[in-house]
Amino acid sequence: MAIINDFRIASIVPRGDPAPIEVRVIRKWKRSNDLFYLMIDKYGDAIQATVPWLDNDYFERKISLFSCYLLDDYICNDAPTSLKVNAHPASILMGTTTTITLIPSSETFPMYYFNFCPYANLHLRIDDSLTDEKLSVLTDYMGKIEDTIPGITKKGKNYLRVRLRDISGPNIDVTLWEEVLPRFDKQAMLSAEEPIVVAFTSLKVTIFKGHTSDKLQLSSTPATHIYFNPDVESAIEARNRFKEETLHLLAATPGYESQERHLRAEDRNKRTISELLEHQKENQGQTFSCQASVTSYIKGRPWYYTMCPQCPRKIYQTKRGWSCGSHQNLPEPKFMYCVAATISDNTAPTMATFFDEATVGLIGIQCKDMVLKHGHTDRYQTPEPLYEAIGKDVTMQVQYAHSTTPNPNSSVLSINKVYNSKLNITATPPSPTQQTTPTADKKLALESNENRPSAKRQLYQSGIPSYSKY
């Protein structure tokens with residue numbers, strides 16, 4: 001029997017003994033001719049790896065982004081003193097004697113890693129020295145794009161200033177310097193569905209000294225990577241809140257309601273799944289309706305998540321209550337559905353994610369009630385009421401989940417509403433101790449949840465074209 005390698009990144013310490021470790025390589029960048037990688041294990045822990053410039057060509061041939069490897073014979077080094085992209089106390093130093101063995105990619109290894117800093121805590125990360133020689137961790141930040149302003153420095157170098165709005169209201173500018181501009185995919189931004197939320201990694205926080213007041217600002221480093229409308233819980237909820245804000249403004253516009261009522265919502269822009277798949281690129285940003293049914297649920301994907309009830313950040317349970325870092329000692333989190341499924345009509349199947357309002361429309365039970373009243377607390381064990389919805393023909397309000405061809409493990413469509421559900425929404429679902437056995441035609445869907453991966457969500461990365469002036 002093969003021995004399962006269970007050594008993890010969290011066990012690596014400076015000047016410790018190396019051990020064989022399985023990782024996925026998720027980022028790559030260069031600085032001062034040296035090559036750097038960010039690697040993640042199946043537990044969601046990440047570590048930075050360094051390759052001296054003399055060995056660059058060797059590792060460029062050996063390692064491909066997003067592939068998985070078994071590493072051994074590396075050096076357990078101290079954490080870097082500059083461009084420290086995460087908080088791990090150690091780093092990996094690799095050379096030509098390092099053993100690198102390609103292993104099959106697995107869903108148990110997350111595709112992406114984020115450690116977002118909320119706006120309220122940015123002042124704690126100000127880089128007063130304006131140099132890279134600080135031990136503080138660089139900042140990951142997310143916000144809604146308000147504007148982009150290109151410019152040229154006095155030395156003739158291009159830069160792009162991106163104005164972001166935090167869900168709590170403040171605006172902040174992110175300056176992208178010339179070396180990372182190739183990672184800013186303008187076409188992906190222009191085709192992304194509004195509101196556009198962008199995630200930046202590995203930023204420096206500084207203070208701009210103005211005439212009347214000082215202002216926080218962010219700037220890129222060689223390690224900065226950029227993702228539009230990332231498929232992560234915090235970004236999904238932020239986009240939903242920005243959408244709600246826009247709808248409130250539209251509702252106050254004279255004549256808006258009468259214009260919207262001339263057709264039933266479920267009859268607007270009706271498409272088959274085949275038509276949606278065929279015209280995905282040209283229909284980005286539009287909303288359609290589709291008559292379809294759930295055929296199965298995706299294995300290893302949580303069916304709900306928890307977030308702060310006062311902001312769109314991830315929340316954690318402490319001894320004193322729930323906390324997101326900015327809001328403390330809350331009595332309970334906000335429970336939200338996020339159900340990954342396969343849907344089908346008589347033309348084609350596809351993967352889709354049912355968000356909170358859509359799932360409530362599908363099964364008639366609020367997420368909070370499903371978890372607290374009916375006791376379905378396991379995020380990876382799909383509740384029986386969801387299985388009862390398999391095969392039920394409903395009309396769905398759909399949008400495209402991504403701006404370009406998605407990762408094979410990601411949903412193609414986002415389901416925001418469900419109309420005409422024929423379910424008995426007043427029925428009480430069975431408790432976990434009284435669950436009935438699913439029918440034979442639904443058993444495959446149940447079994448798809450048995451081998452679940454890390455709770456870390458996979459994140460789709462837009463393509464990275466060559467930079468052109470804006």
Considering only NZ, NE, NH1 and NH2 on the basic side and carboxylate oxygens on the acidic side, decide whether [X] and [Y] come within less than 4.0 Å.
| X | Y | result |
| --- | --- | --- |
| Glu179 | Arg31 | no |
| Asp78 | Arg15 | yes |
| Lys144 | Glu146 | yes |
| Glu60 | Lys28 | yes |

How are the rings of His376 and Trp303 set to each other: parallel, tilted or perpendicular (split at 30° and 60°)?
->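 His376 vs Trp303 ring planes: perpendicular.
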
Are the side chain of [X] and the backbone N or O of [Y] linked by a donor-acceptor pair below 3.5 Å?
| X | Y | value |
| --- | --- | --- |
| Tyr304 | Thr377 | yes |
| Asn416 | Gln397 | no |
| Asp41 | Gly44 | yes |
| Thr221 | Ser202 | yes |
| Arg165 | Asn171 | no |
| Tyr74 | Ala19 | yes |

Verify whether one side chain among Asp73 and Thr99 offers a donor that lies under 3.5 Å from an acceptor in the other.
->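 Yes - a donor-acceptor pair under 3.5 Å links their side chains.
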
Side chain proximity check, Lys243 to Pro195, heavy atoms < 4.5 angstrom =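 SC-SC contact between Lys243 and Pro195 confirmed.
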
Please examine the side chains of Phe184 and Phe228, heavy atoms only from C-beta on, and report whether any two atoms are closer than 4.5 Å.
->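 They are in contact (side-chain heavy atoms under 4.5 Å apart), so the answer is yes.
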
Under 6.0 Å from the six-membered ring centre of Tyr43 and within 45° of its axis: does the NZ or CZ of Arg8 meet both?
->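 Positive - Arg8 is close enough to the ring of Tyr43 and near enough to its axis.
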
Hey, would you say the Phe335 and Tyr305 ring centroids sit under 6.0 Å apart?
->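 No, the ring of Phe335 stays outside the 6.0 Å limit from the ring of Tyr305, centre to centre.
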
Measure centre to centre between the rings of Tyr37 and Tyr69, then say whether the value is under 6.0 Å.
->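 Distance test on ring centres: not under 6.0 Å, no.
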
